[in-house]
Number of protein chains: 2
Amino acid sequence: MPGLSAREIARSIEYSPGTLYNIFENLDDVLLTLQVEMLRDVACQLAETPIGATPALHIDALAKTYVDYALRNRKLWNLLFSHSLPTTAAPSKALHDYVFAIGDTVSGALAPLMIGASAAEKNLAARVLWAGVHGITAIAVTDKAPFLTVTTALDYTHTLTQTFLDGLVANQTIAVSA
Amino acid sequence: MPGLSAREIARSIEYSPGTLYNIFENLDDVLLTLQVEMLRDVACQLAETPIGATPALHIDALAKTYVDYALRNRKLWNLLFSHSLPTTAAPSKALHDYVFAIGDTVSGALAPLMIGASAAEKNLAARVLWAGVHGITAIAVTDKAPFLTVTTALDYTHTLTQTFLDGLVANQTIAVSA
DNA sequence: CGTATGTAATGAGCGCCGACCCATACCAAA
DNA sequence: TTTGGTATGGGTCGGCGCTCATTACATACG
């Protein structure tokens, strides 16, 4: 993992490699800590994103927050989503909590458009939409598609969110009128 | 990169490390070749997915093909999307061609629902939707969210595709009726 | 048949760099 | 001056990518 060796991490925070091992168990411990911190940051920034004039604008703002964060922290971001910790380690509860928190934030933003829906339906919709935004982000951050780059990522998320929301309200009106 | 060293690759195909270097320039060459082969496979399988009774069913089948492929080839899949080749290397044209081919396949499946739309609009919609499906796949394959697992991935892609399509046709009818 | 020739596979070994350790140095506070 | 906690970074050891002298084997020839 280039750029994420113990020596490099130590240099980047201007400590020696040995000091890392006084504080952390091993490198995976360091990386897990970084992952948790980053995900907490993201969850907080999403939660603090101001509610827009309309649900659609709110969702758009959330997507922008998410994409911007990933682009601003490309290296760490790739770390979080590409480095799978050893499966022997117990899955981090903190990590999962923040994932749920992100889902809750999105779910809250979706709620005004899904008045008749159950909490489960809202959660599903929120997680699906977030996973979609995440997919666009991941491709943009890792330069995997020539057309989906840093500059177009927000256009893509906008198209996704707006079309998805249109689909939600279409179903909603059908459900309500039925 | 555990599990993807030259020695391990050699062992897994029951050759010696040296043989790899008779055939390939270096390890990155091996990995790039794997990536291209895998993406070609995916593109072919998508292209060969039978057209369903309705566009919605067709898209669903495409998503299933995509997700199934990723789950059947977890390790390689993670390789393709997590290992970024050195930026010094010229980006592989073949790789990009296959990415475009996938977009074209999805775009073709979307076409019946977007009669009045331009080719650019159809391409955008196709790429956005595919990136979304990819996001769900990526999270499922890497076990990053407790609720989005191998068993629920298809439910998630189904919700995404159907809601997205609903959004498309909602816009379509508006555009047409206007 | 035995022998020569070309090709393909080998795997021990080289140099390097990774994670991780620990004897040592440092420096406040007592 | 002593002491205790903290940071250090050279060093160990293992595994890495990669090489190349050597081997194994199929085919061609006398």
Side-chain angles (χ1 to χ4, degrees), chain A residues 1-41 73-96 138 141-144, chain B residues 1-41 73-96 138 141-144:
Chain A
M1 202 159 320
L4 279 168
S5 66
R7 289 193 211 306
E8 278 209 55
I9 291 175
R11 192 183 316 129
S12 79
I13 58 176
E14 300 195 301
Y15 276 81
S16 73
T19 306
L20 277 179
Y21 291 91
N22 294 335
I23 299 171
F24 298 98
E25 201 59 27
N26 50 40
L27 235 210
D28 274 331
D29 189 17
V30 178
L31 299 184
L32 176 61
T33 303
L34 283 175
Q35 292 188 354
V36 170
E37 287 222 344
M38 181 165 59
L39 207 54
R40 178 170 49 75
D41 268 11
N73 305 277
R74 273 178 98 129
K75 260 199 157 165
L76 269 180
W77 190 263
N78 280 330
L79 162 65
L80 171 53
F81 284 104
S82 73
H83 177 72
S84 283
L85 294 175
T87 50
T88 62
S92 157
K93 182 170 179 308
L95 223 47
H96 284 180
V141 159
T142 56
D143 269 328
K144 288 298 182 190
Chain B
M1 206 163 325
L4 280 169
S5 67
R7 285 166 178 30
E8 279 209 52
I9 291 175
R11 192 183 317 130
S12 80
I13 58 176
E14 299 193 303
Y15 276 80
S16 72
T19 306
L20 277 180
Y21 291 92
N22 294 336
I23 299 171
F24 298 98
E25 202 56 29
N26 49 42
L27 235 211
D28 273 330
D29 188 18
V30 177
L31 299 184
L32 176 60
T33 303
L34 282 175
Q35 293 188 353
V36 170
E37 286 222 343
M38 180 164 58
L39 208 53
R40 178 171 49 75
D41 269 9
N73 305 277
R74 274 178 97 131
K75 259 200 158 163
L76 269 180
W77 190 261
N78 279 331
L79 161 66
L80 171 53
F81 285 104
S82 73
H83 176 73
S84 283
L85 294 174
T87 49
T88 62
S92 158
K93 182 171 178 310
L95 222 47
H96 283 181
V141 159
T142 56
D143 269 327
K144 288 299 184 191

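In the text below, chain A, chain B and the rest are named by the order of the sequence lines, each starting its count at 1. Worth knowing before you read on, the calculation uses all heavy atoms, side chains too, and leaves out hydrogens, waters and symmetry mates.
- Rounded to a whole Å, the CZ atom of B/F24 is 15 Å from the C1' atom of D/dG17.
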Exercise for review: Kindly indicate, with the supporting measurements, whether the criterion side chain to side chain contact (heavy atoms under 4.5 Å, CB included) is fulfilled by B/L80 and B/L76.
Suggested key: CA-CA 6 Å; B/L80 171 53; B/L76 269 180; over 6 Å; no

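- Counting to the nearest Å, the C1' atom of C/dG18 and the CG atom of A/N26 are 14 Å from each other.
- Of the possible donor and acceptor atoms, none in the side chain of B/K144 sits under 3.5 Å from a partner among the backbone N and O of B/A138.
- Contact annotation: the side chain of A/D143 approaches that of A/R74 to within less than 4.5 Å [non-hydrogen atoms, C-beta and beyond].
- Across its full length, the helix from C/dC1-D/dG30 to C/dA30-D/dT1 shows an angle of 20° between the axes of its 5 terminal pairs at either end, rounded to 10 degrees.
- Every pair tested for side-chain hydrogen bond (donor to acceptor under 3.5 Å, both in side chains) that includes a residue from residues 4-13 of chain B fails, sequence neighbours excluded, so the list is empty.
- Atom CZ of B/F24 sits in a crowded spot, with more than 12 heavy atoms from other residues, nucleotides or ligands closer than 6.0 Å.
- At the phosphate of D/dT19, neither OP1 nor OP2 sits under 4.0 Å from any side-chain N or O atom of B/Y21.
- Note that CG of B/L32 and CD of B/E37 are 10.5 Å apart. Values are rounded to the nearest 0.5 Å.
- Atom CG in B/L27 sits about 14 Å away from atom C1' in D/dT19, given to the nearest Å.
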Review point. Do B/Y21 and B/L27 pass the side chain to side chain contact (heavy atoms under 4.5 Å, CB included) test, and can you show the C-alpha distance, the side-chain angles, and the key distance before you say yes or no?
Key: CA-CA 8 Å; B/Y21 291 92; B/L27 235 211; 4.2 Å; yes

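- Atom CD in A/E8 sits about 7 Å away from atom P in C/dG18, given to the nearest Å.
- Counting to the nearest Å, the C1' atom of D/dG17 and the CD atom of B/E25 are 13 Å from each other.
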Check your understanding: Which letters describe nucleotides 10-17 of chain C, given B = protein heavy atom under 4.0 Å from base, S = only from sugar-phosphate, - = neither?
Key -> BB-B----

Check your understanding: Under the side chain to side chain contact (heavy atoms under 4.5 Å, CB included) criterion, do A/V30 and A/L4 qualify, and how do the steps go?
Key -> CA-CA 10 Å; A/V30 178; A/L4 279 168; over 6 Å; no

